[in-house]
Amino acid sequence: MSHEYNPKEIEKKWQDTWEKQGIYTTPESKDGAENMYLLSEFPYPSGNLHVGHWYAFAMPDIYARLKRMQGYNVLYPIGFDSFGLPAENAAIKRGLDPKEWTYGNIDYMRNQLKSMGASFDWSREIITSEPEFYRWTQWMFTQFFENDLVYRDITKVNWCEQCKTILANEQVIAGKCERCGSEVIQKDMAQWMLRITKFADPLIDDLEKLNWDESIKQAQREWIGRKEGSLIPFEIQKNENLEVFTTRADTLFGVTYIVLAPEHKKIQKWKEQITNWAEVENYVQSVAKKSERDRQQTKEKTGVRLEGITAINPATKKPIEVWIADYVLAGFGTGAVMAVPAHDERDAEFALTHDLPFQFVILPSAGEIGHSRPLITSGENVSILEAGAHEEKGQKQINAEWHAFYDIIEHDKDGLLPKGKRVACSFEGRLIHSGEFNGLSSEEARVKITKAVGGTLTKTYRLRDWGVSRQRYWGTPIPIVYDPEGLPHSIPLEHLPWQLPTDVDYTPDGTAPLARSQELRERTENIFGKGWTPEVDTMDTFVDSSWYFYRYLDNKNQDIFAKEDFIKQWMPISLYFGGSEHTTMHLLYSRFWVKALHSLGLVPHSEAYEGRSNRGLILGPDGQKMSKSKGNVIDPDEVVSFVGADAVRMYLAFIGPFNEPGNYPWDPNGVVGVKRFLERVWRLREKVSKEPSEELFVKSLHQTIKKVSEDLERLKFNTAISQLMTLLNQAEKLEKIGEGEYKIFLQLLAPIAPHITEELWNSFEDTSIHQSSFPQYNERFLADDEKTLPIQINGKNRAFIKVKKGISEKEITDLVLTQDEVKKWVSGKEIKKIIYKEDKIFNIVI
RNA sequence: GCCGGAGUGGCGGAAUUGGUAGACGCGUACGACUCAAAAUCGUAUAUCUUUGGGUGUGUGGGUUCAAGUCCCACCUCCGGCACCA
């Protein structure tokens, strides 16, 4: 061991040694050790490991190392999510083969990953673009096809003109492509859909049993967007029914017209009966031209009446008008709305614009009136009054408005509001002007009215089925062939993997590159017969990552994606580390995938991730997101060559609480500070002696063991490190430190800084520190018999006295009252009260 | 608008069940070592101050002997959803 701490030398040495000795190769089971599966989302082989990768893999590695030292048989695997658009786009830009480019990157990244000193079991590595991997992606797809979990449909799809491919709803962020940021347009296309909506309920309900952050669960619930309501049939013309979805069946008597989405299929059917067809068609086309974004941003309530079409309100049996308007969305509910202007803000706006009747049917309960206000509309002016606008309008005026509100509804016999006195109120309450249902609460009425008119109670979801077809080259080929009649058939296992053809010009032009492969066409005809054609789209890469974690368990198996025994031994994953951007994409898709596999009896569990940790983001030193254009990118390789991998790992662990996904700016001086700490740990070796350390230090050491164990367990690496720093500060003040104590200190630090601790440990022991047992604290050393107690007077600290723990109130009172600092405040004054909390506080109230 | 989370020094961030706010690190200042610098080590570092003490955890109230922590109202920021019937 040299006198200087030289990370470059020792880190490489130990990485090689660990690999040679295979100390991180994880057996399927280990005597006396419980299995634990820890996983970090695998990377895209984009070519370069950035600080984010270090954060993503080195932090979970701290936890994996801790758990291994605590006696678990820990699986912490790694692989590459190597199919996909980024790789393909980059390859096209450089004029290379996507495969060559990708595999070159993988080789490069593998070495970079090794330089982190992470305890990956490399023998279990997977690469999703390997035929032996995608063979099983394809097989699962065929299983889903056979069991009606996947289907082909022609629908409006999100199309990215830049990437020349379809995108899933989840990949459209605020109307733009998740990858390239360009505007997404709508297009009619055939694509393969996965029935994720079939599992909408369990995807929400099973969140309950997961040990995840509430924010992640909530985001998923909102994405799935379950709403309970009713389907109500409205008779249109003769014998034709139109279903509408509503959450407010209690307002059915207040329905004064119906509005359809311009895309609603019935409109074309009614062409003959609509007397103003030209006008209607014109409107439909003008809406079709608008982008989804424009349509959502315009708040004006435009619309056209379908003249000649009349609906019957099933409650009142009165005829009502039918309209189309673009504020009604085709994709939600049934694409048709029953309009209740008197009790819905949007309907009120629309009704005022187009002069449609307001029928008042719900009297808000008195409780609502205290802090909320109705929407009041009068004449042509809409003044929407809501809760929480107290700043602008005083309480008096609010009361006046309520007064006016009651005035209007009380003066009206049948609830049909006259022009100029139109009022809307979206609150629930009791029913009026609703025949036999009068007096019922909204809640009761919803059920009763729905049943009375032959409707059904139902749920509706925001979630759409997952479209997985991609018109690109570098992805898993969809294992489907079409017979001469054009009917799809899944490819049987014996012909899987259904290889990605290589005789393809993969430059994207909007059509699928695989269609240009002669080999693929010939292969299909050779196997299936003349006239058979292959599917030419590839799969969304989120399919690959939906099940990859099973393959780590049995990555060489040729007969099945993973042996059942191994799945039972390892799953579910105890803790899954990843980025928050995947909350409504990867995390949702893979939960669906597992549920689908489970429904086919292929896996024994319905959830794969017991725990989930979303990590934060490492920002540039300027507090901005790292980007080449801003010139604030930190290159980890560079930093490692300067301070070593241990310092980089430790700095990232120290930068902020890993269990809270915040944004933490990289401070170049911070790394240096951590490097200084490691150098001091190195130098402390010289103070090690055979004599045990003094008792005070042993006490601190045991407190440190406790704190570090607890903090590492909670992923609060930052405070674990600060405790180790405090202990080092103490140790440095001593002349000598016992060998045993020093070794324990090294063990505590080992998960965080694996190389330096191994090197120092090696000067005492022949076996690896990482195979040693994590230290346990001894209660005996934690018990302090003295305590410095703050003495407060009227709640302010005035003195501190050292007392025996558990001292009685009488004893301490006598002691405190003799203290000069206390006398100064108390003398001549009456003591009203004394509060003494054992070992916590002593407070005198005067 | 609805839902979730967060506001603490110059900076990143600490503070079990309410009980010494600012741990630890960075930065800064001064000192030691040095011909000098770097590195290293030591000391100080919320703020005001008449040196008694006062004030301080986004704002305003409240509960309590005691509030960063609990309650009410609000402001700001971050994330998710949003013409969703």
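Atom set for the values below is all heavy atoms of this structure, side chains included, hydrogens, waters and symmetry mates excluded. Chain A is the first sequence line, chain B the second, and so forth, proteins listed ahead of strands; every chain is numbered from 1.
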For this session: Describe the nucleic acid contact of G656(A) in one word from base, sugar-phosphate, nothing, applying a heavy-atom distance below 4.0 Å.
Result: nothing
For this session: Give none if rC74(B) has no partner; otherwise give the nucleotide forming a Watson-Crick or G-U wobble pair with it, both distances under 3.5 Å.
Result: rG58(B)
Problem set entry | Salt-bridge criterion met for K837(A) and E809(A) (N-O under 4.0 Å) | no
Exercise. With a 4.0 Å cut-off on heavy atoms, is P657(A) in touch with a base, just the backbone sugar-phosphate, or nothing at all?
Worked result: sugar-phosphate
Problem set entry | Gap in Å between the two C1' atoms, one belonging to rC33(B) and one to rA39(B), rounded | 11 Å
Problem set entry | Quiz item: Q792(A) side-chain donor-acceptor pair to rG19(B) base, under 3.5 Å | yes
Exercise. Within the structure shown, what part of the strands sits under 4.0 Å from K796(A) by heavy-atom distance: base, sugar-phosphate, or nothing?
Worked result: sugar-phosphate
Problem set entry | Interatomic distance at P, rA23(B) relative to rG9(B), whole Å | 13 Å
For this session: Check whether any side-chain nitrogen or oxygen of N718(A) sits under 4.0 Å from OP1 or OP2 of rA14(B), and answer yes or no.
Result: yes
For this session: Return the 5'-most residue of the pair V845(A), E222(A) with respect to RNA chain B, ranking by each residue's nearest nucleotide.
Result: V845(A)
For this session: Please work out whether the ring planes of Y836(A) and F842(A) are parallel, tilted or perpendicular, with thresholds of 30° and 60°.
Result: tilted
For this session: Using the P atom on both, measure rG18(B) against rG25(B) and round to a whole Å.
Result: 30 Å
Exercise. If we take the C1' atom in both rG68(B) and rG58(B), what is their distance in whole Å?
Worked result: 12 Å
For this session: Kindly state whether the ring of F717(A) and the ring of F654(A) have centres lying under 6.0 angstrom apart.
Result: no
For this session: Can you tell me, in whole Å, how much space there is between the P of rG4(B) and that of rC70(B)?
Result: 16 Å
Exercise. Hey, do the aromatic rings of H354(A) and Y257(A) have their centres closer than 6.0 Å?
Worked result: no
Exercise. Base, sugar-phosphate, or nothing for Y664(A), non-hydrogen atoms under 4.0 angstrom?
Worked result: sugar-phosphate
For this session: Examine the base of rU17(B) for any acceptor or donor lying under 3.5 Å from a partner atom in the side chain of K840(A), and report the outcome as yes or no.
Result: yes
Exercise. How is R221(A) classified with respect to the nucleic acid when contacts are heavy atoms under 4.0 Å: base, sugar-phosphate, or nothing?
Worked result: nothing
For this session: Establish whether the base of rG4(B) is bridged to the side chain of E214(A) by a donor-acceptor pair shorter than 3.5 Å.
Result: no
Exercise. What interatomic distance, in whole Å, is found between P of rA82(B) and the corresponding atom of rC3(B)?
Worked result: 16 Å
Problem set entry | Which nucleotide in rG19(B), rU40(B), rG80(B) has an atom nearest any side-chain atom of A219(A) | rG80(B)
Exercise. Is any side-chain nitrogen or oxygen of R676(A) closer than 4.0 Å to OP1 or OP2 of rC26(B)?
Worked result: yes
Exercise. NA contact type, R714(A), heavy-atom cut-off 4.0 Å: base, sugar-phosphate, or nothing?
Worked result: nothing
Exercise. Is there a donor N/O on one and an acceptor N/O on the other, under 3.5 Å, for the side chain of K301(A) and the base of rC83(B)?
Worked result: yes
Problem set entry | K833(A), nearest nucleotide to its side chain (from rA85(B), rC65(B), rC3(B)) | rC65(B)
For this session: Would you classify N843(A) as touching base, sugar-phosphate or nothing, given that sugar-phosphate means primed atoms plus P, OP1 and OP2, and contacts are heavy atoms under 4.0 Å?
Result: base
Exercise. What does V259(A) touch in the nucleic acid at a heavy-atom separation under 4.0 angstrom: a base, only the sugar-phosphate, or nothing?
Worked result: nothing
Problem set entry | side-chain N/O N797(A) vs rA21(B) OP1/OP2, d < 4.0 Å | yes
Seminar exercise, completed: Quick note, R798(A) side chain, CB onward, closest among rG19(B), rG54(B), rG4(B) is rG54(B)
Problem set entry | F350(A) six-ring face occupied by K301(A) cation (under 6.0 Å, within 45°) | no
Exercise. In whole Å, what separates the C1' atom of rC11(B) from that of rC48(B)?
Worked result: 22 Å
For this session: With heavy atoms under 4.0 Å as the rule, sort R226(A) into base, sugar-phosphate or nothing.
Result: nothing
Exercise. Contact class for D347(A) vs. all strands (heavy atom < 4.0 Å): base, sugar-phosphate, or nothing?
Worked result: nothing
Exercise. For the side chain of K227(A), counting heavy atoms from C-beta on, which of rA85(B), rG25(B), rC65(B) is nearest?
Worked result: rA85(B)
Exercise. When we call it a touch if two heavy atoms are under 4.0 Å apart, what does K716(A) touch: a base, just sugar-phosphate, or nothing?
Worked result: sugar-phosphate
For this session: Decide whether a cation-pi geometry holds between R462(A) and W223(A); the criteria are a distance under 6.0 Å from NZ or CZ to the six-membered ring centre and an angle within 45° of the ring axis.
Result: yes
For this session: Could you please name the partner base of rA29(B), counting Watson-Crick and G-U wobble pairs only when both distances are under 3.5 Å?
Result: rU43(B)
Exercise. Contact class for F800(A) vs. all strands (heavy atom < 4.0 Å): base, sugar-phosphate, or nothing?
Worked result: base
Exercise. Rounding to the closest angstrom, what is the interatomic distance between rG5(B) and rC30(B) at atom C1'?
Worked result: 43 Å
Exercise. With under 30° as parallel and over 60° as perpendicular, where do the rings of Y651(A) and W666(A) fit, or are they tilted in between?
Worked result: perpendicular
Exercise. How is K832(A) classified with respect to the nucleic acid when contacts are heavy atoms under 4.0 Å: base, sugar-phosphate, or nothing?
Worked result: nothing
For this session: Could you check whether I655(A) gets within reach of a base, just the sugar-phosphate, or nothing at all, counting any heavy atom under 4.0 Å?
Result: sugar-phosphate
Exercise. With no angle test and no hydrogens, is the base of rC26(B) tied to the side chain of N669(A) by a donor-acceptor pair under 3.5 Å?
Worked result: no
